[in-house]
Undergrad: 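What follows is a single structure, and I will ask about it in a moment.
The chains referred to below are lettered A, B, ... by the order of the sequence lines, with proteins before strands, and numbering in each begins at 1. None of these values were measured; they are calculated from a predicted model.
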There are 2 protein chains.
Amino acid sequence: METLRKRRGTGRVTLADVAKSAGVGAMTVSRALRTPEQVSEKLRDKIQLVVEELGYIPNQAAGALASGKSDSIALILPSFADKVCSNFIPSFQEILNQAGYQLVIGYSNYSITQEEQLLSTLLANNPAAVVLFGSEHSAQTVKLLKNSQAAILELAEINELCIDLNVGIDHYQSSKEMTRHLIKQGFQKIAFVGARSEQSILRKQLRGWQAAMLENYLAPDHFLTSNDEPNIELGCEGVAKLLLQQPDLDALICSHEEIAMGALFECQRRVLQIPKDIALTCLDGSTFSEKCIPRLTSIEINYAKMAGKAARLLLQRLTGQDQNLLKQIDIGFKLCERASS
Amino acid sequence: METLRKRRGTGRVTLADVAKSAGVGAMTVSRALRTPEQVSEKLRDKIQLVVEELGYIPNQAAGALASGKSDSIALILPSFADKVCSNFIPSFQEILNQAGYQLVIGYSNYSITQEEQLLSTLLANNPAAVVLFGSEHSAQTVKLLKNSQAAILELAEINELCIDLNVGIDHYQSSKEMTRHLIKQGFQKIAFVGARSEQSILRKQLRGWQAAMLENYLAPDHFLTSNDEPNIELGCEGVAKLLLQQPDLDALICSHEEIAMGALFECQRRVLQIPKDIALTCLDGSTFSEKCIPRLTSIEINYAKMAGKAARLLLQRLTGQDQNLLKQIDIGFKLCERASS
DNA sequence: CACACATTTGGTAGCGCTATCAGGTAGCGC
DNA sequence: GCGCTACCTGATAGCGCTACCAAATGTGTG
């Protein structure tokens, strides 16, 4: 009478149900699904049939608990507006999914405090790996990461002090190269407009621009930065303010394409010819730079390639094939010379 | 001697460790963390202290297994390039995080097959809810969803046949209203360029345009669609091809801002004046439409608002306060009349 | 002081799965 | 046939947590 009082099962089909229905042991079913090669073909087929018939979906929580492993990879994204999102994540996720991992994405809005808080929530899932953007983290974040068993991957910029794995590009070099290109083209009064001024990426870009200017005996005096997200407004404002500071300005480097958009519109409004009156370039170009009028000289970063390299590096680490492997990969960049310079 | 041979614990601090160290029972610790009001203040404080001291992080897998509930919400995103991503997800995630839920994001690339596959993977996590974009799903997807205990939320478009909850806008109406606006402004030869032609959103937009044209005795004959993602190229191509078909074309509606960008550039290239020679509008405007030259008349959708309404609706459902509640919310849209028409 | 009642605490028995090991079966050489 | 390895299969004992009861403690009433 007092039989099933204590049951609180979810009603879902369980591994045991499959086992009973197939007339085999539970372990055999478990193996048939995870390591099929360890099960005879006969049983494997029979089990597969029952699985489909019953619509069995494994309970990952139980699996994770029993094995102490998990197939989730935590990714903390600083911004959804970035190109990273549209170009990087799809490729990255695809490769990881194929290897059986699940991305769990959090959003930090470029705040290291939020990053830290998110991280401690995400670590409760016991993820196999944690993927972060940028190289700036709170001390507590670094401590949490080092205490966790998870593999750590830092993306977006090459960082000497990376915790574990690191895939990215050298923003100092890219900015320097862009500046050198402009100088080679004969431009001399080169200004810089950048967003997210508190991020180390922008600081590196600024230093790259300054270095290239100085090595050519030019003064890197005029620049405008904002700590906001890159936007069109900043580009408009940049052209306006910098032209006031330096009326004979002849070139402008924008850290982001959105800024370059704004700058382009502002130049149109002022009937400034590009590149005759002023050259316009950006450091993270994609389709807009390639298609607008005039087409903009820009640094292009292959985020899909970055995703591929990053995912594969991470997988090697997760499968323990990373003994004698580079832990840091520089993706490089391409300077696309176009009509705007 | 044969004591600890069988241990395979992860080495992490567990709830039992905290309980022992605090000198209380495990259940009391569990309650102190999840339902503090059920524990006396004295014990609560003592436990909190020990938790911090030991750096205890709860194991969610175990919790989910024991309670049969999970705090993960699966979100299947069709595209990362969309505005949905940058505007919707941050707000949506923030509200859900605050309520203690975790977003697990998958990427379907607008393929209902991939959506189905992703879904079955994500359901293994036993999510509290599943959030999908669009209204088109495979039969198997619908079956999986209905079998699962999870709450279902369909986003982006209002859909009569929604499975459960539904928050979105009426794309038929928005397109119709835009067309009416153009007609009211005196434009008559109005063409349409749209991307993702196999999605029902675009089909509704096309029908809205057609309906508005017909009710004004105008022929909705000229349009160009592509099943690709919206891009600048399509806008350029649209202007070129439609102008060939109909040289006296006087207005163009673009389904996406990217297309409008391309159209704008192509018009500049052809030295067509906007709106004197041709009006240009789009159905999902944001900053570009607002800032480019001339500024584009566009339909604006408040994705942050959509996120707020959707998240709150979902939370009500998850806490069971949804008995006499609307299951479907129309977010509405705003027609921003600007210089381009 | 006995009693009902509310509040706080802890023991126990799972949740559904996998690691581990023991048992069974088959194949092979002597 | 026997011993030996190689392989396949299943019983058992947890993984760390929470639902469910039961016990303990406090509180107010007659």
Undergrad: Could you tell me whether the side chain of B/E154 reaches within less than 4.5 Å of the side chain of B/H137, counting heavy atoms only?
TA: yes
Undergrad: Toward the 5' end of DNA chain C, which comes first, B/V29 or B/A62, by nearest nucleotide?
TA: B/V29
Undergrad: Can you check the A/N59 CG to C/dC15 P distance for me, whole Å?
TA: 12 Å
Undergrad: If you apply the rule side-chain contact (heavy atoms from CB on, under 4.5 Å), what do you find for A/N97 with A/F92, and how did you get there?
TA: CA-CA 9 Å; A/N97 276 358; A/F92 191 64; over 6 Å; no
Undergrad: Any idea which of D/dG16, C/dA19, D/dG14 is nearest the B/T14 side chain?
TA: D/dG16
Undergrad: Where the side chain of B/S120 meets the backbone of B/Q117, is there a donor-acceptor pair that is under 3.5 Å apart?
TA: yes
Undergrad: Just N and O in the side chain of B/S67: are any of them under 4.0 Å from OP1 or OP2 of D/dA19?
TA: no
Undergrad: If you look at every strand shown and take non-hydrogen atoms under 4.0 Å, does A/R31 touch a base, only sugar-phosphate, or nothing?
TA: base
Undergrad: Taking CE from A/M27 and P from C/dA19, how many angstroms apart are they, rounded to a whole number?
TA: 7 Å
Undergrad: Any carboxylate oxygen within less than 4.0 angstrom of a Lys/Arg side-chain nitrogen, looking at B/R317 and B/D164?
TA: yes
Undergrad: When the distance from CG of A/L65 to P of C/dG16 is rounded to whole Å, what number comes out?
TA: 12 Å
Undergrad: Could you identify the nucleotide paired to D/dT18, looking across every strand shown and requiring Watson-Crick or G-U wobble geometry with both distances under 3.5 Å?
TA: C/dA13
